[in-house]
Amino acid sequence: MDAAFKALADPTRRLLLDRLRERNGQTLGELCERLEMARQSATQHLNVLVDAGLVTVVRRGRQRLHYLNPAPIHEIEQRWIAEFDRPRLQALSAIRSQAEEYAMTETSVSVPTYVYVTYIRASAEQVWRALTDADLTARYWGHANVSDWQPGSSWEHRRTDGSEAVDVVGRVVEAEPPTRLVITFEDRPDAELDREPSMVTFLVEPHQDIVRLTVTHENLPNEEMLNGISQGWPAVLANLKSLLETGDVLPQAPWEM
């Protein structure tokens with residue numbers, strides 16, 4: 001947390017985070033244009049934010065895209081906001097969001113891409129198996145992810161309560177074991193929708209005895225889905241991390257808290 005507080009203490013770095021909050025996934029050049037800042041200065045500030053875990057860099061071909069990573073700020077919130085304060089703060093946040101929604105009814109606002117990063121003591125092969133094995137996903141996700149995981153194949157997110165109901169569907173866009181998996185993600189499989197499905201990319205980067213797992217969820221249709229996955233992905237990935245590092249999932253399902 002020291003690194004996060006140090007990074008947040010500088011107004012220029014807070015401004016960079018604000019610009020990424022407004023439009024996530026920007027290149028260094030795009031950030032420099034918006035801030036009228038020299039590339040060298042912007043690079044130095046971004047390196048501090050990356051070292052603090054507040055910004056994640058995702059490579060797309062030759063481009064380096066910068067995304068907000070909410071994990072360190074979430075840890076700060078978990079440590080210093082008491083349980084009895086949460087309902088009051090949530091109510092105030094809801095009032096503010098409603099007021100902002102009324103004020104922006106005539107303004108089109110794009111939904112930002114969601115990026116989450118976690119580090120796991122495991123091999124890339126173990127993480128890949130955890131992402132694609134139906135029995136393992138059933139243990140840490142409460143749903144079995146079923147597919148042959150070949151590009152072009154479909155996949156289903158099936159309940160494990162005996163009903164075999166499917167809550168999410170999609171298709172496999174890319175599969176490069178054990179480091180990269182890209183899938184479409186549609187959380188309303190029975191609805192007739194005139195929208196493109198959202199897209200999830202799992203990037204597994206091994207380094208000695210650990211891996212960095214980056215989950216990027218983009219092309220989100222609305223704020224409702226963004227709010228849902230912002231709670232869902234950290235919970236699911238925490239359970240996955242616990243299973244691989246300890247051999248068992250967390251004592252309680254984190255998404256039920």
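This chain uses plain numbering: 1 for the first residue, then up along the sequence. What you see below is based on every heavy atom in this structure, not just the backbone, and it leaves out hydrogens, waters and symmetry mates.
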Which atom names give the shortest non-hydrogen contact between N239 and W255, and what distance separates them?
ND2-CH2, 3.7 Å

Between T56 (side chain only) and N69 (backbone N and O only), is there a donor and an acceptor less than 3.5 Å apart?
no

Under 3.5 Å, is there a donor on one side chain and an acceptor on the other for N24 and T113?
no

Can you tell me how far apart CG (L213) and CG (L240) are? Round to the nearest 0.5 Å.
7.0 Å

How long is the gap from CD on E186 to NE2 on H157, to the nearest 0.5 Å?
13.0 Å

Backbone N or O of V172 within a donor-acceptor pair of the Q150 side chain at under 3.5 Å?
no

Going by salt bridge (Lys or Arg N to Asp or Glu O under 4.0 Å), name the residues that satisfy it together with R60, two or more places apart in sequence or in a different chain.
E218

So, taking the atom named CZ in F202 and the one named OG1 in T132, what distance separates them when rounded to the nearest 0.5 Å?
10.0 Å

Side chain of S153, backbone of W149: donor and acceptor closer than 3.5 Å?
no

Okay, side chain of E30, backbone of T27: is any donor-acceptor separation there less than 3.5 Å?
yes

Quick one: does H66's side chain have a donor or acceptor within less than 3.5 Å of a partner on G25's backbone?
no

Interatomic spacing from OG in S198 to CE in M225 - rounded to 0.5 Å
3.5 Å

Set of ring pair (Phe, Tyr, Trp, His ring centres under 6.0 Å) partners for F5, sequence neighbours left out
W80

Spacing of I183 atom CD1 and E174 atom CD [to the nearest 0.5 Å]:
12.0 Å

Minimal non-hydrogen separation, P254 against A235, with atom names:
CG-O, 3.3 Å

Contacts of Q44 meeting side chain to side chain donor-acceptor pair (under 3.5 Å) (sequence neighbours excluded), chain-then-number -> none

Between the side chains of R159 and D167, is the shortest nitrogen-to-carboxylate-oxygen separation below 4.0 Å, so that they form an ion pair?
yes

Using a strict threshold of under 4.0 Å (side-chain N to carboxylate O), is an ion pair present between E245 and R121?
no

Between Y140 and A130 (side chain of the first, backbone of the second, donor and acceptor by atom type, cut-off under 3.5 Å), is there such a pair?
yes

Heavy atoms only: give me the nearest H45-L16 pair and the separation to one decimal.
CB-CD1, 3.6 Å

Tell me if a side-chain donor or acceptor on W128 pairs with a main-chain N or O of R180 at a distance below 3.5 Å.
no

Looking just at side-chain N and O atoms, do R158 and H143 make a donor-acceptor pair shorter than 3.5 Å?
no

For the atom pair CG (L68) and CD (E22), what is the distance rounded to the nearest 0.5 Å?
10.5 Å

Would you please say whether a donor-acceptor pair under 3.5 Å links the side chains of D248 and T246?
no

Do other residues, nucleotides or ligands put more than 12 heavy atoms under 6.0 Å from the CG atom of D161?
yes

Anything under 30° is parallel, anything over 60° is perpendicular, the rest tilted; go ahead and classify F185 against W233.
tilted

Are any side-chain N or O atoms of D133 and backbone N or O atoms of R129, one a donor and one an acceptor, separated by less than 3.5 Å?
no

Under a 3.5 Å distance rule, please check whether K241 uses its side chain to pair with a backbone N or O of T118 as donor and acceptor.
no

Contact between T201 and L181 at the side-chain level, heavy atoms closer than 4.5 Å - yes or no?
no

When you measure from the side chain of R14 to the backbone N and O of L8, does any donor-acceptor pair fall under 3.5 Å?
yes

